[in-house]
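See below for the structure under consideration.
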Amino acid sequence: NNLFIFYVDGKKNIKTLCYYHRFNEEDLSEDQKQKKQQAQQKVFQYCQHEQRFQQNINYYKQNIQNLKEGECLFVIDFKENIKLGACSREVQQQYYTNHPISVFGVCVMYQIKISDSETRLVREYYDFISTVLNHDTQFVRECIMDLLSFSLFFNFHSLVFWLDGGPHHFRTYEMIYSFITLTELG
């Protein structure tokens, strides 16, 4: 959601900056000069964001392309909460009896050897479903630990995680500590 607002504001500020560039600097009032300078700063931030965004996309694609045997890449994120049994036409009582469910999704990618000279990228999807809706770090950690307990993951010597910046579940000290303890286990 914030990314969309940032994108819209960036486009708006580019238009504002283009508008002020049509005038000579000495013809602008102090208020207009200040607005032009603010737009320049925001456009600069927007361009930096776009550059980081593109770098991340390229780095992600590179991670997938360079995945070797024995390495595993995880893409993890919460999906939208759902209500099971809900339909488009419900009476009021049905609407309030359907409880929302949280879905935590994991895409796992790794290479398998087909022949001496050929490997194939495998993608597997795992969903963790819970009635707990708070999307916290503890839930994420437990899901990852459950997933890593499968014998499939015993053969990997390198795990790479891709995740967004969810402030309540991924960007926490607890999550960093979880990854540190995970490296100590393996």
Side-chain angles (χ1 to χ4, degrees), residues 1-7 45-87 97-186:
N1 219 1
N2 289 341
L3 182 63
F4 179 72
I5 292 168
F6 192 72
Y7 179 77
Q45 290 172 345
Y46 171 72
C47 291
Q48 283 183 318
H49 166 77
E50 283 290 312
Q51 186 178 14
R52 280 192 307 270
F53 179 74
Q54 196 57 48
Q55 285 173 339
N56 282 342
I57 288 174
N58 293 338
Y59 189 60
Y60 172 73
K61 288 178 182 177
Q62 204 174 27
N63 267 194
I64 294 172
Q65 278 182 333
N66 297 333
L67 208 56
K68 295 180 180 29
E69 199 174 351
E71 298 175 345
C72 187
L73 188 137
F74 294 78
V75 179
I76 60 176
D77 200 6
F78 281 95
K79 299 179 182 181
E80 185 175 350
N81 291 344
I82 60 171
K83 286 188 176 187
L84 296 179
C87 63
T97 57
N98 290 332
H99 297 288
I101 294 174
S102 179
V103 181
F104 178 69
V106 180
C107 175
V108 177
M109 291 177 253
Y110 58 92
Q111 294 282 355
I112 59 169
K113 196 172 194 174
I114 295 174
S115 66
D116 288 339
S117 61
E118 190 178 358
T119 60
R120 182 174 62 92
L121 180 67
V122 175
R123 282 187 172 94
E124 294 183 5
Y125 298 91
Y126 299 89
D127 289 320
F128 294 86
I129 298 170
S130 173
T131 56
V132 179
L133 304 175
N134 60 355
H135 296 186
D136 65 354
T137 304
Q138 180 182 355
F139 181 72
V140 172
R141 184 181 61 242
E142 288 174 7
C143 291
I144 291 172
M145 295 309 284
D146 283 350
L147 189 62
L148 293 177
S149 69
F150 295 167
S151 61
L152 164 72
F153 298 103
F154 296 166
N155 301 324
F156 296 110
H157 59 79
S158 175
L159 306 175
V160 177
F161 287 87
W162 277 87
L163 40 110
D164 67 5
H168 304 294
H169 45 274
F170 295 141
R171 283 180 27 194
T172 64
Y173 290 117
E174 187 180 357
M175 194 70 214
I176 293 170
Y177 180 74
S178 298
F179 283 125
I180 290 170
T181 56
L182 188 63
T183 59
E184 291 170 352
L185 291 176

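Predicted, not measured: the structure shown is a model, and the values here were computed from it. Side chains included, hydrogens not; waters and symmetry mates left out as well; all remaining heavy atoms used.
- Qualifying side-chain contact (heavy atoms from CB on, under 4.5 Å) partners for Phe154, counting only residues two or more places apart in sequence or in other chains: Ser151.
- Pairs passing the side-chain hydrogen bond (donor to acceptor under 3.5 Å, both in side chains) check and including a residue from residues 102-112, sequence neighbours excluded, read Ser102-His135, Tyr110-Glu124, Gln111-Thr119.
- Note that CD1 of Ile129 is 6.5 Å distant from CD1 of Ile101, once rounded to the nearest 0.5 Å.
- For the atom pair CD1 (Ile176) and OG1 (Thr181), the distance works out to 12.0 Å, reported to the nearest 0.5 Å.
- Going from atom CD1 of Ile112 over to atom CD1 of Ile114 covers 6.0 Å, rounded to the nearest 0.5 Å.
- Residues Lys79 and Gly105 share a closest heavy-atom pair of CE-CA, 3.9 Å.
- Salt-bridge check for Lys113 with Glu118: failed, with every basic side-chain N at 4.0 Å or more from each acidic carboxylate O.
- Under the side-chain contact (heavy atoms from CB on, under 4.5 Å) criterion, Gln51 pairs with Gln55, sequence neighbours left out.
- With sequence neighbours left out, the salt bridge (Lys or Arg N to Asp or Glu O under 4.0 Å) criterion links Asp116 to no other residue.
- Note: Asp164 CG to Phe78 CZ = 10.0 Å, rounded to the nearest 0.5 Å.
- Between Val75 and Leu163, the closest side-chain pair of non-hydrogen atoms is not below 4.5 Å.
- Listed by chain and residue number, nothing satisfies the side-chain contact (heavy atoms from CB on, under 4.5 Å) test with Asn155 (two or more places apart in sequence, or in another chain).
- Under the side-chain contact (heavy atoms from CB on, under 4.5 Å) criterion, Thr131 pairs with no residue at all, not counting sequence neighbours.
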message = side-chain contact (heavy atoms from CB on, under 4.5 Å), that's the test. Do Ile144 and Ile76 meet it? Break it down for me.
response = CA-CA 9 Å; Ile144 291 172; Ile76 60 176; 4.0 Å; yes
query = Run the side-chain contact (heavy atoms from CB on, under 4.5 Å) check on Met109 and Val122 step by step: do they pass?
reply = CA-CA 5 Å; Met109 291 177 253; Val122 175; over 6 Å; no
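- Listed by chain and number, the residues in a salt bridge (Lys or Arg N to Asp or Glu O under 4.0 Å) with Glu69 amount to none (sequence neighbours excluded).
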query = After noting the C-alpha distance and the side-chain angles of Val140 and Met175, does the key distance pass the side-chain contact (heavy atoms from CB on, under 4.5 Å) rule?
reply = CA-CA 8 Å; Val140 172; Met175 194 70 214; 3.7 Å; yes
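- In terms of the ring pair (Phe, Tyr, Trp, His ring centres under 6.0 Å) criterion, residue partners of Phe74 (sequence neighbours excluded) are, by chain and number, Phe153, Phe161.
- Annotation: side-chain hydrogen bond (donor to acceptor under 3.5 Å, both in side chains) contacts of Asn66 (sequence neighbours excluded): none.
- Rounding to the nearest 0.5 angstrom, the gap separating the OH atom in Tyr177 from the CZ atom in Arg141 is 9.0 Å.
- Put simply, CG on Leu147 and CZ on Phe104 are 9.0 Å apart, with the number rounded to the nearest 0.5 Å.
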Determine all donor-acceptor pairs shorter than 3.5 Å in which one atom belongs to a side chain in residues 58-65; sequence neighbours excluded.
from	atom 1	to	atom 2	distance (Å)
Asn58	ND2	Gln54	O	3.3
Asn63	OD1	Trp162	NE1	3.0

ask   = Does the pair Tyr126 and Val108 meet the rule for a side-chain contact (heavy atoms from CB on, under 4.5 Å), with working shown?
value = CA-CA 8 Å; Tyr126 299 89; Val108 177; 3.8 Å; yes
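- Applying the side-chain hydrogen bond (donor to acceptor under 3.5 Å, both in side chains) criterion to Glu142, with sequence neighbours excluded, gives Gln138.
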